[in-house]
Number of protein chains: 2
Amino acid sequence: MSRIETYDTTLRDGMQGEGMSLSAEEKLRVAHRLDKLGIDLIEAGFPSSNPKELELFELLAGERLGHADVAAFGMTRRREVPAENDPALQMLAECFASVCTLVGKSWALHLDKVVKVDRDENLRMIADSVAFLVSQGKRVVYDAEHFFDGFADDPAYALACLRAAAGAGAETVVCCDTNGGSLPDRVGAAMATVIRELQPEAVAIGIHCHDDAGCGVANTLAAVRAGVTHVQGTMNGYGERCGNANLATIIPNLQLKMGHECLTDEQLSSLTATAHFLDELLNFTPDPDQPYVGRNAFAHKGGMHVAGVNADPATFEHIDPDVVGNRRELLVSELSGKGTVHARARDAGIELGDGDAARVTERVKQLEHLGYQFEAADGSFELLLRKETGEYEPLFRLESWRAIVEKRADGRVETEATIKIWVGGERYVRTAEGNGPVNALDRALREALVEIHPHLRDIDLVNFKVRILDEDKGTGAVTRVLLDSSDGEQVWGSIGVSENIIEASWEALVDSLEYGMSVATRDARDEAASTQGT
Amino acid sequence: MSRIETYDTTLRDGMQGEGMSLSAEEKLRVAHRLDKLGIDLIEAGFPSSNPKELELFELLAGERLGHADVAAFGMTRRREVPAENDPALQMLAECFASVCTLVGKSWALHLDKVVKVDRDENLRMIADSVAFLVSQGKRVVYDAEHFFDGFADDPAYALACLRAAAGAGAETVVCCDTNGGSLPDRVGAAMATVIRELQPEAVAIGIHCHDDAGCGVANTLAAVRAGVTHVQGTMNGYGERCGNANLATIIPNLQLKMGHECLTDEQLSSLTATAHFLDELLNFTPDPDQPYVGRNAFAHKGGMHVAGVNADPATFEHIDPDVVGNRRELLVSELSGKGTVHARARDAGIELGDGDAARVTERVKQLEHLGYQFEAADGSFELLLRKETGEYEPLFRLESWRAIVEKRADGRVETEATIKIWVGGERYVRTAEGNGPVNALDRALREALVEIHPHLRDIDLVNFKVRILDEDKGTGAVTRVLLDSSDGEQVWGSIGVSENIIEASWEALVDSLEYGMSVATRDARDEAASTQGT
């Protein structure tokens, strides 16, 4: 069936959501992931205003995306100012992005009470701004803000706003439910009129919804059913108030249930991973109940459900979870079934007997119950395999460590850590300062170990994440620390879990270094073997 | 317009959700709250099976609800067993509840693969079971499981199942989208047929949806538009997989946007409090983005939004938040301006000159650049206002603090914190242990302060979030700590930012307690003032 153009505004409208915060570098990573997922248009933000946005556009200009086009966002020209003299429109025209999205008014209430512009001037603002950017060689998407409220109030004027944009050469005009309170019937009926009036052969028609009535997804689907071919939203429904329409739900609905084409099958099967990647980057706990991509979306609890699913998954599943890269969960968390354990052991060159695999699976279950999660901690998982098969050699034996953080009367904070360890029968005591307790422990430990393992000097901790598992327990909650480390070639993850944040960090730190050493040892062995062979 | 009967299944279907756990006593509290909200029918669970359910039914039998009827839940009779001999149906008949809800099959796939019952016997199972309970004086609600999948597969048979229940005297027959994957058009079309075929003058028609396609709410609304008069769902959308249809969204949609009657205006204005009460009882953090009742549902960030709402709330709000007992939030952020600062100062009873507002805005920008974010830290923001206007009084003067975390040779981790502070010219030195450094600092600080401010004893840290801002810098990254605290009535947020995680936590902790004290002082002052007035 027909193709639907997907337009992601996570990096602009999504950033209006509470707690949304990404550096320019991180936004770049998001753009690449959305591109890989197969999103057609990625709205990156305002190229004007603040230095952070400028930095992002400079970074983006130097990048190559495989599929997606980047859209820069702005507003229609100011009142009574020629479009070519409007500084924000000039900046859009000069920006590298081939697509510019302009937002403008379509509701008299806003013209009268907020921007204080008369109706005719508003139509000229729309037409002039679109025409100017088209004359500068841009593809223009026109976002009609508050379209549905405007349409309810004065349908002829709301349509005139769309016609002003279409007539000036906009490629797509998008009807926005900015306040998010519309219900599907109202959206479907309005869009049917728009499509009849606007002649979709001349201009593409789009939809942009919010979730204030809990109908962001359904409103979008109603618009597509009415004939819309361009769909805006955000991954995981990020956005202000109740969020934007959730593309991670809309896309599989369109593709699997309504027969439209958005992504390739392979891209669709990366949907769950992409949705989780974004949550991780934003440090949100992925919503376990999210449709299609949530951890519970295909979880079966009651015995009858499990029996039914075993007889035929269609009895209790609306789609095959594999199709969106998710998986079925049966009562017990079988996150790492034995198949996975075997595969991971093979990768690490560890021989597993069948009893070993069962024991590892059991151990993983216990640890997951305590709050461990090995999906992002491949280093710790390999160490766990080695521990269970007796192949584990600790890097050192710990006698004790101590971290002291002290805030003094003059406001200075001092941090110092001491470690006492044994390596090869010898005792090492080292003390180091740091900008925090974990940093100080890291320094002290390495100071001792690099004398014997100079390779450890090359390991950098590249990423440090802290998640409180029982947030509701206040400072008595369990802490999960995830570390990513790199030796310049490989990157690996390690994990620590404890009530005490320092102990959790220490655990992840030690795993990180031990795994790093095992990689170095393996590389050296491989090299020796290949030298012998020649 | 027409009245819609509301049926809450939080205590039965909702309990299938992950992490759902309530004692019989707690379920009783839920029933009372739902009754007070104005829900018509409250499904309490199976009266058979386990002792916990039995206890609940015994408790419920002794209670008096003001408005709601309690429904007991069960299945159609077993295959080839007369209904009156089926122990589960007998238990339903004997149960105090005036309403019994029976679930049965309507989809051949389930008959063939799961329960292995032939089509005719299934119809008899439905009719016999309903007729038996009706003969015992019960009002019967019949839940047709997997109705929409069955209807798509074999419409005549799915309708025959409904007719079997209606013909045997069921008061209401309910079409269930058990797998939750239906879209609104399919639900609307099927329900239009059901209503045409079943003659709603003879039997009430109901709807029961799940959210697996993100359309649980919209599917319910589509059914009501088709003529359904009985709506099932759970508060906050609790339930297995992606949850049940959310009554806290459906009810205001029906009442405020579709003109139906479910609750009185006063009851509707308790919706937010009821939804939060349930989350609190279940120990879930209320979803801040939930439609109508979420903390962010009426939050405004961008400067233009704030200006618009000040001019006329309808410009950016789909309904008046008061109507559902929620309130407008003006978030403080980089993207907003002096208007927000003024509004927040007004709320806190702080007088701001125009120069003050500009200075605060400037200060907020600087702090946000360092990693602060005041959206979720209203307590810290109010303290900032007080600091900038000279109205700030510190709770104590810090001389120094020290936190020591020590891991010993035997593997034990010990944590101890010492604080040295001055209050009212006196020096306090206190040491406390904790399960982590922040917990220990919290304890030591309060031990000193409660002697002077006993109110501090009542403040609980209810939520502790850590976010590493430049994750790429490993353990040298900047840490942002957000704390939520509560005195049992209000909840407030505070924030700390530092390279050192302990220092960041300390900062948030001090803000939390200082704000808590300022609230207590204000409340005491208000009380004194009102007493003087009388």
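Numbers restart at 1 for each chain; the letters A, B, ... are given by sequence-line order, proteins then strands.
Contact annotation for B:Ala314: both backbone and side-chain heavy atoms come within less than 4.5 Å of a heavy atom of chain A. Looking at A:Ser21, the atoms closer than 4.5 Å to chain B (heavy atoms on both sides) sit in the backbone and in the side chain alike. For A:Arg397, no part lies under 4.5 angstrom from a heavy atom of chain B. Using a 4.5 Å cut-off between heavy atoms, B:Thr249 contacts chain A through its side chain alone, with no backbone atom that close. Residue contact with chain B, scored on non-hydrogen atoms closer than 4.5 Å, involves the side chain of A:Asp185 exclusively. Proximity to chain A (any heavy atom under 4.5 Å) is restricted, for B:Arg480, to the side chain, taken from C-beta onward. Interface remark: B:Val413 contributes side-chain atoms only to the contact with chain A (heavy atom separation under 4.5 Å). For B:Glu503, the part sitting under 4.5 Å from any heavy atom of chain A is the side chain, from C-beta outward, and nothing else. Heavy atoms of A:Ile421 lying under 4.5 Å from chain B are absent altogether.
Residues that satisfy the ring-ring contact (aromatic ring centres under 6.0 Å, His included) test with A:Tyr238, not counting sequence neighbours, are A:Phe284. Annotation: salt bridge (Lys or Arg N to Asp or Glu O under 4.0 Å) contacts of A:Asp149 (sequence neighbours excluded): A:Arg186. In this view, B:Trp107 and B:His110, B:His146 satisfy the ring-ring contact (aromatic ring centres under 6.0 Å, His included) rule, not counting sequence neighbours.
Using a 4.5 Å heavy-atom threshold, the side chains of B:Pro437 and A:Ile501 count as touching.
Of the inter-residue distances, the one linking B:Leu183 atom CG with A:Leu254 atom CG reads 9.0 Å to the nearest 0.5 angstrom. Expressed to the nearest 0.5 Å, how far CD of A:Glu18 lies from CG of B:Asn296 amounts to 4.0 Å.
When the candidates B:Glu317, B:Lys420, B:Gln290 are compared by the number of heavy-atom contacts under 4.5 Å with chain A, B:Glu317 comes out ahead. Counting heavy-atom pairs closer than 4.5 Å to chain B, the top-ranked of the candidates A:Gly216, A:Gly237, A:Cys215, A:Ala297 is A:Ala297. Taking chain B as the reference chain and counting heavy-atom pairs below 4.5 Å, the highest number among A:Ile502, A:Asn246, A:Val217 is found for A:Ile502. Of all the listed residues (B:Gly239, B:Pro184, B:Ala218, B:Ala213), the one sharing the greatest number of non-hydrogen pairs under 4.5 Å with chain A is B:Ala213.
Using modelled atom types, no side-chain atom of B:Asn435 and backbone atom of A:Asn500 make a donor-acceptor pair closer than 3.5 Å. Between the side chain of B:Asp211 and the main chain of A:Pro291, no donor-acceptor pair closer than 3.5 Å is present.
Residues A:Val114 and B:Thr315 share a closest heavy-atom pair of CG2-CG2, 3.7 Å. Among all heavy-atom pairs drawn from A:His318 and B:Gly181, the shortest one is ND1-CA, 3.4 Å. Closest approach of B:Tyr292 and A:Asp212 over heavy atoms only: CE1-O, 4.0 Å.
Listed in order of number, the residues of residues 402-411 of chain B that approach chain A to under 4.5 Å between heavy atoms are B:Arg402, B:Ala403, B:Ile404, B:Val405, B:Glu406, B:Lys407, B:Arg408, B:Ala409.
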